[in-house]
2 protein chains.
Amino acid sequence: MKIASEKTIERLSLYRRLLRVAKGAGQMSVYSHDLAEMVRGTAAQVRRDLMEIGCAGNSKKGYDVDNLIDAISEFLDSDDVTPVALVGVGNLGRALLQFFESHHPKLKIVAVFDNDPEKSGRVIHGCRCYGMSEMPVVVAGKKITVAVLAVPVGAAQNAAKQLEEAGVRGILNFAPEPLRVGPSVAVENMDMTMALEKVAYMARQNNSKENGAK
Amino acid sequence: MKIASEKTIERLSLYRRLLRVAKGAGQMSVYSHDLAEMVRGTAAQVRRDLMEIGCAGNSKKGYDVDNLIDAISEFLDSDDVTPVALVGVGNLGRALLQFFESHHPKLKIVAVFDNDPEKSGRVIHGCRCYGMSEMPVVVAGKKITVAVLAVPVGAAQNAAKQLEEAGVRGILNFAPEPLRVGPSVAVENMDMTMALEKVAYMARQNNSKENGAK
DNA sequence: AAATAACCGTGATTCTTTTCACGTGAGATA
DNA sequence: TATCTCACGTGAAAAGAATCACGGTTATTT
């Protein structure tokens, strides 16, 4: 399968979600400019993204919703369900567990890890909680390649290392701390502190623009 | 104050956090390549980012840690504490509340909103919970310009609209749904579904690269 | 059946972001 | 004090991403 830029992958994910909503509403086809409006982008960009994954669009009717969803899914998803591990069962971890419980047919959290021995063995949201030391065997046994890291800052680097050694190849990191991992592990940072600082900055810009300040 | 690109702003936020850690460890100065290594970037980019905000670096000793932190803070932060609202007090909302409680000196969640009347009036993590209908008066009263949106999908668009009307100028959106707001409101999406799909995709790429597949 | 209109596919262009590479200057060394 | 080293500051080049613009195609209309 061809390779696409990260930006394109992000947008494809977004398109698919919106397409599913549209499908649920009974819509059979969409135009590139419809999708563009939904994601606040341009029609040309939507077409280009779809071109990347070799999609088929009809001149007059636009894109077939079902076809598009299938094409994006074939590109983004694995054939079978991807097992995911969650590390860290604090408030955030539980929220994520609940969030992903329902939201995705192809990505499933199948194990959670925490270093609190109190939690070991308990079942949270349908997931068995393991101690950190059990990681290698559980990850290998369940063929886990993707993990969500929701531990407190300070513990993240260590956990990432353990994940890497256990064979994980992608980490979604919620800790506000850059991870040092080898080149064969993809890291996506969800840095909430950074994000909030950024909106605060941009909100201030907007505000002073509005108030006529330079 | 000059304007910088969004990417630069993100990196500045990251630099500052790492600099604070370095300062805590007693470090007095850093080189651009030190910072670069920490954020997995290049030295030239670090220098360029710092140049953007008009920083001073010394040829031989690199950058003074204290100076840099101050310079970045002056650029990113408002002079006084920025009051923030949180909308949605589910698991995620509570996790965010806890997360931001300690993590930031200049950004403070001062009010939470939820449409569950049960929660109205209660105090969660030191924050009074208000009903959605109280938003206009509370937001105006506390001069809130930034909000974190942690409501379930489906409720996000409506909440965003209310926030905008109440005067909010920046929204950090955790709902997997693009928001339609006016141009004077900055939106930053923390789309966990998209992020997880993306790492899963990239992990798969890494995996097949490793296994010799084309 | 011909004309029309609307949208897709994509080469070319423009704009943004990153990297390169080199002159400059500050401290160390002898 | 002269030289040497090393990192900063930054113009210029490269790479990457978004946009433009137009030929081609398909349904609809007359």
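A note on names: the letters A, B, ... follow the listed sequences, proteins ahead of strands, and every chain is numbered from 1.
In this structure, A:Tyr31 places its OH atom 13 Å from P of C:dG9, rounding to the nearest Å. Protein atom CG of B:Asp49 is 14 Å distant from nucleotide atom P of D:dT10, rounded to whole Å. Rounded to an integer number of Å, the gap from CE of A:Met51 to P of D:dC20 is 17 Å. One can place CD of B:Glu6 at 12 Å from C1' of C:dT16, the figure rounded to the nearest angstrom. For B:Ile9 and C:dT17, the CD1 to C1' distance is 14 Å, given to the nearest whole Å. Atom OH of A:Tyr63 and atom C1' of D:dA27 are 17 Å apart (whole Å). For A:Leu35 and D:dA18, the CG to P distance is 16 Å, given to the nearest whole Å.
Side-chain atoms of B:Ile9 and B:Ser13, non-hydrogen and from C-beta on, never get closer than 4.5 Å to each other. Between A:Leu50 and A:Arg47 there is no side-chain heavy-atom pair separated by less than 4.5 Å. Side-chain contact check for A:Asp191 versus B:Leu14: some heavy-atom pair is nearer than 4.5 Å.
The minimum heavy-atom distance between B:Gly170 and B:Val168, with the atom names listed, is O-CG1, 3.3 Å.
Under the side-chain hydrogen bond (donor to acceptor under 3.5 Å, both in side chains) criterion, the residue pairs touching residues 58-71 of chain A are A:Lys23-A:Asp66, with sequence neighbours excluded. Pairs of residues two or more places apart, or lying in two chains, that qualify as ring pair (Phe, Tyr, Trp, His ring centres under 6.0 Å) and include a residue from residues 23-52 of chain A are A:Tyr31-A:His33.
Along DNA chain C, the nucleotide nearest to B:Arg11 and the one nearest to A:Ala56 differ in position, and the one closer to the 5' end is contacted by A:Ala56.
Judged as a ring pair (Phe, Tyr, Trp, His ring centres under 6.0 Å), and not counting sequence neighbours, A:Phe100 has no contacts.
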Exercise. Nucleotide by nucleotide, 5' to 3', does protein get under 4.0 Å of the base (B), only the sugar-phosphate (S), or neither (-) in nucleotides 19-30 of chain C, counting heavy atoms?
Worked result: B-B---BSS---
Solution key, residues 141-158 of chain A side-chain donor-acceptor pairs under 3.5 Å, sequence neighbours excluded:
{"unit_1": "A:Gln157", "atom_1": "OE1", "unit_2": "A:Arg180", "atom_2": "N", "d": "2.8"}
{"unit_1": "A:Gln157", "atom_1": "NE2", "unit_2": "A:Arg180", "atom_2": "O", "d": "3.1"}

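A distance-only check finds a donor-acceptor pair linking the side chain of A:Glu164 to the backbone of A:Gly182 [under 3.5 Å].
Within 4.0 Å of A:Ser32, counting heavy atoms only, lie sugar-phosphate atoms of the nucleic acid but no base atom.
Each end of the helix from C:dA1-D:dT30 to C:dA30-D:dT1 gets its own rotation axis from five pairs of C1' atoms, and the angle between them is 0° to the nearest 10 degrees.
Closest to the side chain of A:Lys7, from the set C:dC7, D:dA18, C:dG9, is D:dA18.
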